[in-house]
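I have placed the structure first, in the form of structure tokens, so that the comments after it can refer back to it.
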Number of protein chains: 2
Amino acid sequence: MESPAQPRRVTIVDVARHAQVSTTAVSKVLRNAYGTSPKMRAKVRQAIAELGYRPFAAARGMRGQTYTIGVMLPDIRNPFFPEILDGLTEALDETDYQVLMGPGCNGEAAEARVTEAMIDRGMDGLVLIAPVSPRSHLEQVARTVPTVVVGRHGQSAVYDTVSDDDIAGAALVVDHLVGLGHRRIAHIEHAETDPARMVEMPNALRAEGFRRSMRAHSLEGEAEIVSTTYTQEGGYRGTQQLLTRADRPTAVFAGADIVAMGVLEALDEARVSVPGDISVVGYDNTTFAAFGPISLTSVDQAGRHIGTEAARLLLGRLADRGKPSAQVKLSPSLVVRRTSAPPST
Amino acid sequence: MESPAQPRRVTIVDVARHAQVSTTAVSKVLRNAYGTSPKMRAKVRQAIAELGYRPFAAARGMRGQTYTIGVMLPDIRNPFFPEILDGLTEALDETDYQVLMGPGCNGEAAEARVTEAMIDRGMDGLVLIAPVSPRSHLEQVARTVPTVVVGRHGQSAVYDTVSDDDIAGAALVVDHLVGLGHRRIAHIEHAETDPARMVEMPNALRAEGFRRSMRAHSLEGEAEIVSTTYTQEGGYRGTQQLLTRADRPTAVFAGADIVAMGVLEALDEARVSVPGDISVVGYDNTTFAAFGPISLTSVDQAGRHIGTEAARLLLGRLADRGKPSAQVKLSPSLVVRRTSAPPST
DNA sequence: TTGAAAGCGCTAACAA
DNA sequence: TTGTTAGCGCTTTCAA
């Protein structure tokens, strides 16, 4: 009934024999390496096509490259990350590199496990999206394999970075809300106590940007900060806290769209109308922010562009390991939708 | 300034020397293979710990396994898939296997590219989530590497399957809506013309289940089917079509939650109230369905459980390649929320 | 129970 | 320009 056990995989030796050349020749053609005549290339390419040969990446990795780029991301559920991935895979599509992603990690231990697994599998380069591990660990990884760190500030000599100007993003939000007439504004941040991370993590910078901008408007007394986490749950709980307080804010700046979802849910449950009673602004401009019934005002980070830049930097470092590290910083913009309006009072 | 080029990776040879045993012995301990004395195991384990040795998976793959499971999924944006992944990684967490995912694929060409990339990287097993490729291609993949196909009906002798009873799921929806008093019910399906896929793809079965159930209620004349795609965009366009028709339905059954999002958006735009004017039911019970302001009635597929089952089947096949193929079918349940209510007329 | 030696498929150094 | 040869780090015979 069943088809016979498939014959053993076609190898470079089979191709060499079929094309009547050496295995070295085949290897060179595969890698577009120096020292092959057009005639030989044609012969080899034909043999590859005729035999349906595909190089075995694991074996290639023993000597050279595996042609694999590993992407680590903290949470597949956060709708901001697919944007970055789109940009990344699009830029890598025309190359020989294949992208493989680790499963969502939360916390340092999971991040270490995934990065180690990727290094052990001989990946040629890594893209770490919004990692939480201490910088020393990131640098250790980057010394082993070319690495681009996305969404984290603070430069390093050993890895490249791509990030968005979170201070400026937070200022866009405050300017917008103050411009509408709001004075009492709350911010839901991702709790951060580690001083080292205070200057590197986007969440900490958004909170800092919020503080600075409120001060610039001489509204430091009206700023209210709630520390939870960048999750829907965090937004939900943070809002519940805010609603119990005496002097209720007229606007909430959630540090991420996913947080804003929790904010909207809590407000909905408490029968507080948006933007009638309270305005809500998010960050990331995810697909769901644009979604009609939600229509969330949000800061756009150009996730796709971030992904493209990360790919460009990684390819550059793959081509030249000694190249000095680069820091790309992109500028955010504000997308105003229906969840923000002048305060009613 | 920079730390010196890190020393070459610790290999099995270093461990063997340090423990004063052969490399064979180390290899056996690593794989828990037969023929090692407790004393030797202790010695080797200690040397591994002292040197911080980690096996190089790419090299292991040349002879044996890479301890890597590849997961192919069509679309990272669909909030149903993370559930499956959670179940999968949780079940695999205690094993030596590491999960790596391909980037989202759409269409046969992209699926072929990703599965080939995974096979070329020596992955030990594959989990294909809702693949659209013809069964012959899936079987070819499965003959090369142990494979579990998730979310696709139709059994095969060479791969295991895990799926949900989509016919029953559609019936749950129709029974619920008819029970509320609805008669004129629309269904937005993912267009399917390939007859081979009509019996295998979940979308086709949900449509078939809808038809059968409407017939069972003697409402075949009241059933309205719109063919688009299982995306937010598809739900949006499908609903726009429905709204232009003369005899407007009082309820819409979207084939997936992500489709229901588009439905809600189009209804919102057209100022049609939900559930006042039209009830909406989704499928997948994603996180967003539970989200307060949306509160979508939906069919729950127990995605986490699907992932666990897939892991179990794959581990079984990894342990015994000759084992007969299994088909696991899970039963869906309906979660009633605020988007479904009796019709107003 | 243990270890010596061969070899997986490929690339890189070197020789012709 | 082309081919020969020696490994990469591991697993697997197979002999001791």
Side-chain angles (χ1 to χ4, degrees), chain A residues 7-45 47-48 51-68 96 116 119-124 144-145 318, chain B residues 7-45 47-48 51-68 96 116 119-124 144-145 318:
Chain A
R8 106 183 145 35
R9 208 183 152 100
V10 177
T11 75
I12 204 172
V13 178
D14 301 315
V15 175
R17 187 160 30 214
H18 193 254
Q20 310 206 12
V21 296
S22 71
T23 58
T24 309
V26 179
S27 175
K28 278 181 181 164
V29 172
L30 283 177
R31 290 173 294 117
N32 297 311
Y34 180 79
T36 52
S37 65
K39 214 175 78 186
M40 159 161 284
R41 260 173 284 163
K43 261 202 304 192
V44 171
R45 293 236 169 80
I48 287 175
L51 298 178
Y53 166 76
R54 294 201 318 261
F56 187 55
R60 300 181 93 172
M62 302 269 332
R63 296 301 304 244
Q65 309 187 58
T66 56
Y67 297 92
T68 313
D96 284 338
E116 285 180 357
I119 290 170
D120 294 348
R121 277 150 190 83
M123 301 217 172
D124 300 327
T144 311
V145 53
L318 249 17
Chain B
R8 120 192 128 30
R9 209 184 150 100
V10 177
T11 74
I12 204 172
V13 178
D14 302 316
V15 176
R17 188 160 31 216
H18 194 254
Q20 308 205 18
V21 298
S22 70
T23 58
T24 309
V26 179
S27 175
K28 278 181 181 165
V29 172
L30 283 176
R31 291 172 293 116
N32 297 312
Y34 180 80
T36 51
S37 64
K39 211 176 80 186
M40 159 161 283
R41 258 173 289 165
K43 261 202 304 190
V44 171
R45 292 234 170 81
I48 288 176
L51 298 178
Y53 166 76
R54 294 201 317 262
F56 188 54
R60 301 182 91 171
M62 301 260 344
R63 296 299 302 240
Q65 308 187 60
T66 56
Y67 297 91
T68 313
D96 284 336
E116 285 180 358
I119 290 170
D120 294 347
R121 278 151 188 83
M123 299 215 170
D124 300 327
T144 310
V145 53
L318 248 19

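Just so it is clear: chains get the letters A, B, ... in the order the sequence lines come, proteins before strands, and each one is counted from 1. Just so it is clear, the structure is predicted and the values come from calculations on it, not from any experiment.
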Give, for atom [atom1] of [X] and atom [atom2] of [Y], the distance between the pair rounded to the nearest 0.5 Å.
X	Y	atom1	atom2	answer
Thr24(B)	Ile12(B)	OG1	CD1	8.0 Å
Gln20(A)	Met40(A)	CD	CE	11.0 Å
Arg121(A)	Arg60(B)	CZ	CZ	9.0 Å
Leu51(B)	Arg17(B)	CG	CZ	10.0 Å
Leu318(A)	Gln65(A)	CG	CD	6.0 Å

Point to revise | Of residues 19-35 of chain A, the positions that come close to DNA chain C - non-hydrogen atoms, cut-off under 4.0 Å | key: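 Those residues are Thr24(A), Ser27(A), Arg31(A).
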
Point to revise | Near-strand residues of residues 55-66 of chain A, defined as heavy-atom separation under 4.0 angstrom from DNA chain C | key: Pro55(A), Phe56(A), Ala59(A), Arg60(A), Met62(A), Arg63(A), Gly64(A)

Exercise for review: Round to the nearest Å and state the distance from Tyr67(A) atom OH to dG9(C) atom P.
Suggested key: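 Rounding to the nearest Å, OH of Tyr67(A) and P of dG9(C) are 18 Å apart.
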
Exercise for review: Send over the distance from Arg54(A) CZ to dC10(C) C1', rounded to a whole Å.
Suggested key: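 Rounding to the nearest Å, CZ of Arg54(A) and C1' of dC10(C) are 16 Å apart.
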
Excluding sequence neighbours, so at least two apart, what forms side-chain hydrogen bond (donor to acceptor under 3.5 Å, both in side chains) with [X]?
X	answer
Arg45(A)	none
Thr36(A)	Arg41(A)
Thr23(B)	none

Using side-chain contact (heavy atoms from CB on, under 4.5 Å) as the criterion, list what pairs up with [X], not counting sequence neighbours.
X	answer
Arg54(B)	Glu116(A), Ile119(A), Asp120(A), Arg9(B)
Ala58(B)	Phe56(B)
Thr66(B)	Thr68(B), Asp124(B)

Revision key, fill the gap. Contact span of DNA chain D against chain A, any nucleotide atom under 4.0 Å from a heavy atom, 5' to 3', runs dT1(D) to dG9(D)

Check your understanding: Sequence neighbours excluded, which residues qualify as salt bridge (charged side-chain N to carboxylate O under 4.0 Å, His left out) partners of Arg63(B)?
Key -> none

Listing, residues 28-35 of chain B side-chain donor-acceptor contacts under 3.5 Å, not counting sequence neighbours, or none:
{"unit_1": "Arg31(B)", "atom_1": "NE", "unit_2": "Ser27(B)", "atom_2": "O", "d": "3.3"}
{"unit_1": "Arg31(B)", "atom_1": "NE", "unit_2": "Ser27(B)", "atom_2": "OG", "d": "3.1"}
{"unit_1": "Arg31(B)", "atom_1": "NH2", "unit_2": "Ser27(B)", "atom_2": "OG", "d": "3.0"}

Review point. Over its full length, what angle do the end axes of the helix from dT1(C)-dA16(D) to dA16(C)-dT1(D) make, each axis taken from five pairs and the result rounded to 10 degrees?
Key: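 End axes: 30° apart.
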
